[in-house]
Amino acid sequence: MTDILSGLNPAQKEAVETIQGPVLILAGPGSGKTRVITHRISYLAKVCGVSPRHIMAVTFTNKAAKEMQERLSVLAQSAARDITMGTFHAICARILRIDGKTIGIDTGFVIYDQDDQVSLVKRAMLALNLDPKQHSPNAVLNQISQAKSQMLAPADYIKLGRSYFEELCGRVYERYQELLKTSNALDFDDLLMRTVELFRKHKDVLDSYQARYTHVMVDEFQDTNLVQYELVKLISGKYRNLCVVGDPDQSIYSWRSADLRNILNFEKDYPDAKTIMLEQNYRSTKTILDAASAVIAANRQRKLKQLFTENEQGAPVTLAEAYNEAEEAQFVANEIEKLAGRGEAKLGEIAVMYRTNAQSRALEEAFIRYGTAYRLVAGTRFYERKEVKDVIAYLRIIQNPADDISLMRIINVPTRGIGERTIADLSAWARSREISIYAAIHELAENLTEKPLFNPRTTKLLSDFHGMIEEFRKQSAELPLLKLFDRVINRTGFQEYLAAMPDGEDRLDNVMELRGVAQDYNDLPPGEALPALLEGIALVSDVDGLSESGDAVTLITLHQAKGLEFPVVFIAGMEEGILPHIRSFDDPAQMEEERRLCYVGITRARRRVYLVRAFRRAMMGSSNVNAPSRFLKDIPDSLTSGARPWKAEQVKLHRREVELQAEPDVDVNQELTELKAGDAVRHTKFGEGVIISAHPVRGDMEAIVAFKDVGVKKLLLSFAKLEKVE
DNA sequence: CGAAAGGCTCTTTTT
DNA sequence: GAGCCTTTCG
């Protein structure tokens with residue numbers, strides 16, 4: 001047991017040993033937080049003899065939960081598995097599967113993701129004769145989600161409604177909940193809110209959970225919302241051994257209703273709480289820590305910490321600038337090649353971080369050109385692909401035919417002659433009777449309606465579809481999951497349908513990848529495998545797929561990077577409008593969050609940080625000139641090296657230099673590079689024109705040319721037969 | 001009804 | 001630049 005405490009500093013030791021009552025651990029970046037949590041659990045189990053069954057540990061991602069479980073090597077595997085560990089959403093889903101029926105939730109419920117939620121909002125709006133083009137369904141959904149995060153039922157929300165928009169959202173919210181109910185579905189917020197509802201309405205259920213969980217721990221507490229806080233208050237209510245760990249400076253999810261007040265007010269809610277500060281950083285060099293501190297120091301909403309490190313000074317933070325995002329990416333790829341070449345860092349030790357997902361594209365292209373291995377952290381993007389979602393929709397319908405959103409997705413995919421008109425009529429009819437669409441089809445197919453709603457042809461089509469789904473449903477109880485999966489792919493004609501598409505092979509690959517995911521569940525009994533698979537899919541997070549294996553550069557958003565660390569970190573897009581993001585400009589609170597985001601990024605690094613910016617950046621088609629990020633100016637010169645300050649002239653000079661550089665792996669045809677903006681040219685087919693712009697692309701030159709007769713064209717100069725005209 | 005083509009909006013971040 | 005929706009034609 002001494003080994004559990006050995007190697008910990010006094011603050012860490014205190015955090016591990018304080019197991020009675022409420023505890024707030026304020027853990028700066030790199031302060032050994034994860035270590036403290038795992039040691040604390042080990043300590044509880046091994047030293048204090050607390051049964052793992054009585055411990056709950058809430059993590060921010062599934063990956064964090066899995067890793068923690070692995071790190072609990074002091075404990076036997078089976079003991080580690082007995083600990084309730086996972087994200088709030090996963091834990092709540094488990095609770096509702098077991099006890100949800102007490103508040104009227106069917107155990108077979110499906111979980112709606114963002115995509116499904118938007119579709120559902122649209123349906124709700126259409127049903128209310130509201131135009132989804134007038135009010136963005138996304139904005140409405142946002143309001144609904146906010147309401148749910150404050151545990152406001154539609155009626156409560158409507159009462160509060162002040163503006164016209166809020167009144168509208170209230171009505172949509174009401175209908176939205178009705179649709180969820182008929183679809184036997186819960187959205188992400190429901191998982192949390194309805195668990196609270198369960199506990200509040202059914203004291204006996206709450207009692208049983210309270211009796212079980214003598215010790216509750218919550219990681220990343222700064223990113224919890226009010227419902228989540230309420231949840232842990234309830235669950236830990238009997239024993240009050242609640243330990244929350246977090247860092248207000250790393251709170252970056254307010255847009256998801258995370259509420260900084262949770263952590264700032266914890267001591268008020270629990271006056272007897274013990275607060276422990278972990279202030280020694282073991283991760284970063286002194287320089288990196290100083291730079292990060294300089295950035296965060298400008299925030300007003302803070303709980304002050306005195307971070308320090310005994311690590312060496314280390315290299316200065318490298319500042320770099322590029323003309324545009326392509327050049328920025330090239331700089332990053334080039335620099336990584338140098339680092340790897342010098343043996344300074346392996347590819348797997350390097351991460352490139354950015355504010356928006358769209359920024360990954362240019363970086364990927366550069367890495368492809370350089371032949372640099374990389375992995376893009378975007379696991380859920382895979383599940384967002386059409387073909388993947390379609391197959392999932394079939395699987396969901398099999399488990400839960402009431403799922404209208406999934407049904408609408410696939411009722412005519414692949415096309416089977418059930419058109420828009422039919423679907424509209426069907427859905428209106430179902431709504432008028434307050435039954436699900438599938439239930440309506442069922443009645444048609446079984447001839448349960450008094451008078452025929454559709455012509456014989458349509459009725460036949462619908463009843464064929466019904467027969468097929470019924471067949472699947474019967475098989476799902478008998479067949480192993482993979483067999484069922486294959487049956488669905490074949491019987492629906494999905495395979496041929498994809499094969500016939502232009503990019504069919506890729507899409508088929510994706511479906512096969514999904515099959516690979518299903519394989520993990522294949523050993524479960526037929527009745528259990530499908531629900532388990534669907535729940536697994538619904539609750540994955542992006543970083544969950546991030547594997548340690550393979551030597552590759554990690555491309556990751558700043559949000560996803562929270563909780564991770566890398567020896568070398570690049571942050572790309574250090575520009576006004578990107579980081580800080582333009583949407584935060586008019587709101588000081590949001591601006592502070594951008595600052596925290598920057599802070600999180602810098603503090604991920606152990607040895608080296610590069611902050612890179614582009615002078616010009618293409619966004620949503622058009623190209624903008626961006627000023628350097630204000631955060632760069634907060635880092636003292638003494639900590640940095642590289643380009644500064646930025647002047648337009650310098651950028652232009654730099655640009656010229658880079659243009660003169662040959663591409664790294666391909667020789668650009670000298671003749672091609674001689675064509676430049678303003679040159680008059682002649683094309684064999686398009687006739688005469690003028691070059692508007694020319695820039696290098698993958699060892700080639702791409703030119704935008706305005707032709708006299710045929711208008712503006714984009715051409716690759718190696719292919720296009722362009723002749724210079726004097 | 002279905003395929004193809006053109007026009008439109010959107011992108012912050014995600015369990 | 002891309003996915004989604006609408007329009008148009010067969």
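A note on names: the letters A, B, ... follow the listed sequences, proteins ahead of strands, and every chain is numbered from 1. All values below come from the heavy atoms of this structure, side chains included, with hydrogens, waters and symmetry mates left out.
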Expressed as a whole number of angstroms, how long is the span from A:Y112:OH to B:dT14:P?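 Rounded to whole Å, this separation is 23 Å.
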Distance check needed: B:dT14 P versus A:L191 CG, whole Å only.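 Taking atom P of B:dT14 as the reference, CG of A:L191 is at 19 Å.
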Measuring from the side chain of [X] (C-beta onward, heavy atoms only), which nucleotide among [options] has the closest atom?
X      : options                : value
A:Q114 : B:dT13, B:dT11, B:dT15 : B:dT15
A:R256 : B:dC1, B:dT15, B:dT13  : B:dT15
A:H559 : B:dT14, B:dA3, B:dT11  : B:dT14
A:H89  : B:dT14, B:dT15, B:dG2  : B:dT15
A:Y253 : B:dT14, B:dT15, B:dC1  : B:dT14
A:R361 : B:dT11, C:dA2, B:dT14  : C:dA2
A:R421 : B:dC1, B:dT14, B:dT11  : B:dC1

Given A:D116 and A:R123, is the salt bridge (Lys or Arg N to Asp or Glu O under 4.0 Å) satisfied, shown in steps? CA-CA 11 Å; A:D116 305 318; A:R123 283 198 60 200; over 6 Å; no
Are [X] and [Y] in a cation-pi contact, defined as NZ or CZ under 6.0 Å from the six-membered ring centre and within 45° of the axis?
X      : Y      : value
A:R595 : A:F631 : no
A:R256 : A:Y253 : yes
A:R630 : A:F585 : yes

So, using side chain to side chain contact (heavy atoms under 4.5 Å, CB included) as the criterion, who are the partners of A:D425 when residues are at least two apart?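 A:D425 satisfies side chain to side chain contact (heavy atoms under 4.5 Å, CB included) with A:R421, A:F454 only.
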With side-chain contact (heavy atoms from CB on, under 4.5 Å) as the test, pick out the partner of A:K148 among A:Q143, A:R194, A:Q177.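 So the option named by the test is A:Q177.
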Give a yes/no answer on whether the side chain of [X] brings an N or O atom under 4.0 Å of OP1 or OP2 in [N].
X      : N      : result
A:T415 : B:dC1  : no
A:K562 : B:dT14 : no
A:N225 : B:dT15 : no
A:N357 : B:dT14 : yes
A:N412 : B:dC1  : no

Write out a two-atom table: protein N or O, nucleotide N or O from nucleotides 5-9 of chain C, distance below 3.5 Å.
unit_1	atom_1	unit_2	atom_2	d
C:dC5	OP1	A:K122	NZ	3.1

So, do A:Y173 and A:Y176 have ring centers that fall under 6.0 Å from each other?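 When the ring centroids of A:Y173 and A:Y176 are compared, they turn out to be at least 6.0 Å apart.
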Dot-bracket summary - DNA chain B, pairs being Watson-Crick or G-U whose distances fall under 3.5 Å, with | when paired to another strand: ||||||||||.....
Side chain A:S236, main chain A:V232, donor-acceptor under 3.5 Å: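 Answer holds: yes.
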Would you check if there is a donor-acceptor pair between the side chains of A:Y383 and A:D115 at a distance under 3.5 Å?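 Not at all, the side chains of A:D115 and A:Y383 share no donor-acceptor pair under 3.5 Å.
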If you look at every heavy atom in A:R416 and A:M468, which pair is closest and at what distance?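 Looking at all heavy atoms of both residues, the shortest contact is NH2-CE, 3.6 Å.
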Using atom C1' of each nucleotide, how far apart are C:dT6 and B:dT11 to the nearest Å?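 Taking atom C1' in both C:dT6 and B:dT11, they lie 22 Å apart.
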Mapping A:T557 and A:G419 onto DNA chain B by nearest heavy atom, which one lands closer to the 5' end?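 Per heavy-atom nearest nucleotide, the more 5' residue is A:G419.
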Mapping A:S584 and A:G417 to their closest nucleotides on DNA chain B, which lands nearer the 5' end?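 Upstream on the strand: A:G417.
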